[in-house]
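Okay, structure first, notes after.
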Number of protein chains: 2
Amino acid sequence: MQEAGKIIKIDRVIHEPVRLAIMSCLYEKKYVDFVFILEKLDLTRGNLASHIKRLEYAGYVDVIKTFKERIPHTTYALTTKGKKAYEKYWCFFDEIRQDIDLEG
Amino acid sequence: MQEAGKIIKIDRVIHEPVRLAIMSCLYEKKYVDFVFILEKLDLTRGNLASHIKRLEYAGYVDVIKTFKERIPHTTYALTTKGKKAYEKYWCFFDEIRQDIDLEG
DNA sequence: AAGAAATAGTTTGTAAAGCAAACTGGGTAT
DNA sequence: ATACCCAGTTTGCTTTACAAACTATTTCTT
């Protein structure tokens, strides 16, 4: 079974469902824009922006501002740190479950 | 990739790390007592009690009060509902990750 | 040049939740 | 009677998510 520390130290930045979804999108697609996530997750713009800001502060995502047909277009991508953190997050869950499976 | 609804509808009662740890203990060991969890997770008594109360209200755990050598001894166990909810919780995570793995 | 429209935010206010520490109750030992 | 456990409730603090309102920046229209 999991030790105390293992499960308690889960990365809270990623653990929040909305941010986990964002990280999943980015991990899969590499580059994802604001509106895509907005519609995919059905959030308000403000809510999405603040979650992304949090991921930015954690150093997990880069913001790429471009113009698409002369309209502002913001795109996001995982940093190396973000990629590692995301993979580590899943490792925790694997460990927890494996530990459970070991016994009856 | 996950749809909007899939990840957002994660069971918040279980999703909280401390409660996930408690549920894991119970799923593995069937019967676990208060002090065991307390030491395992290094929580305050009040904190543990309130998390367990929340699991109780959700119908996920049963409370079994006994006396052990004439000293009160509280033990917990998953209900059928709790067992199902716990299994369903992991299913969400499997689905999310499988969806990611499908693409490069 | 002025005003409308769109993107991508920031700010504000509210409600919920986690946590530690203090306090409580019910039973036991001295 | 008093002191002592176990388990749980209450209180107060802090953080957070979220929606709604507001803002800044650039483009389009007239």
Side-chain angles (χ1 to χ4, degrees), chain A residues 4-26 31-58 60-77 89, chain B residues 4-26 31-58 60-77 89:
Chain A
K6 199 185 283 180
I7 199 161
I8 304 301
K9 281 174 190 163
I10 278 173
D11 186 338
R12 288 273 189 173
V13 175
I14 299 179
H15 193 61
E16 174 61 29
V18 170
R19 290 192 295 267
L20 180 57
I22 295 169
M23 295 286 281
S24 296
C25 285
L26 293 174
Y31 297 97
V32 175
D33 64 63
F34 189 85
V35 175
F36 178 86
I37 304 175
L38 198 65
E39 291 174 354
K40 196 86 181 169
L41 303 182
D42 192 33
L43 305 170
T44 59
R45 291 189 312 282
N47 193 11
L48 176 54
S50 68
H51 278 301
I52 288 173
K53 194 169 72 172
R54 180 110 189 239
L55 292 171
E56 232 188 308
Y57 281 159
Y60 290 172
V61 305
D62 277 336
V63 179
I64 303 145
K65 285 174 187 286
T66 59
F67 282 83
K68 193 178 183 180
E69 291 154 26
R70 301 191 179 176
I71 287 170
H73 186 83
T74 308
T75 301
Y76 307 96
Y89 176 81
Chain B
K6 200 185 283 182
I7 199 161
I8 304 301
K9 282 175 190 163
I10 279 172
D11 186 337
R12 289 272 188 172
V13 175
I14 299 180
H15 193 60
E16 173 62 27
V18 170
R19 288 192 297 267
L20 180 57
I22 295 169
M23 294 286 280
S24 297
C25 285
L26 292 174
Y31 297 96
V32 176
D33 63 65
F34 190 86
V35 175
F36 178 86
I37 303 174
L38 198 64
E39 290 173 355
K40 196 85 180 172
L41 303 181
D42 193 31
L43 306 171
T44 58
R45 292 189 311 280
N47 193 11
L48 176 54
S50 68
H51 279 300
I52 287 173
K53 193 169 72 172
R54 181 110 189 240
L55 292 171
E56 233 188 306
Y57 281 158
Y60 290 172
V61 306
D62 278 335
V63 180
I64 303 143
K65 285 174 186 287
T66 58
F67 282 83
K68 195 177 182 179
E69 290 154 25
R70 301 193 178 173
I71 289 171
H73 187 80
T74 308
T75 302
Y76 307 96
Y89 176 82

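Below, chain A is the first sequence line, B the second, and so on; all start at residue 1.
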Kindly indicate whether the side chain of [X], heavy atoms from C-beta on, has any atom under 4.5 Å from the side chain of [Y].
{"X": "B:Val63", "Y": "B:Lys65", "answer": "yes"}
{"X": "B:Phe67", "Y": "B:His73", "answer": "no"}
{"X": "B:Val32", "Y": "B:Thr75", "answer": "no"}

Checklist outcome for this item: dist B:Leu38:CG -> B:Thr44:OG1 (nearest 0.5 Å) comes out at 8.0 Å

Item to check | Below 4.0 Å: OP1/OP2 of D:dG8 and any side-chain N or O of B:Tyr76 | outcome: yes

Item to check | Contact boundaries on DNA chain C for chain B, cut-off under 4.0 Å to non-hydrogen atoms | outcome: C:dA17 to C:dT28

Checklist entry - Tell me, for nucleotides 11-30 of chain D in 5' to 3' order, what letter each nucleotide earns: B for a base near a protein heavy atom under 4.0 Å, S for only sugar-phosphate near one, - for neither? => result -----SSSB------SS---

Item to check | Expected output: side-chain A:Arg19 to main-chain A:Ile14 donor-acceptor under 3.5 Å | outcome: no

Checklist entry - Sub-3.5 Å donor-acceptor pair from the side chain of A:His51 to the main-chain atoms of A:Ile22, do we have one? => result no

Next on the checklist: Over 60° means perpendicular and under 30° means parallel, so tell me whether B:Phe34 and B:Tyr76 are parallel, tilted or perpendicular.
Outcome noted: tilted

Checklist entry - Mind checking what makes side-chain contact (heavy atoms from CB on, under 4.5 Å) contact with B:Arg70, not counting sequence neighbours? => result none

Next on the checklist: Output the rounded distance in Å from CZ (B:Phe34) to C1' (D:dG8).
Outcome noted: 7 Å

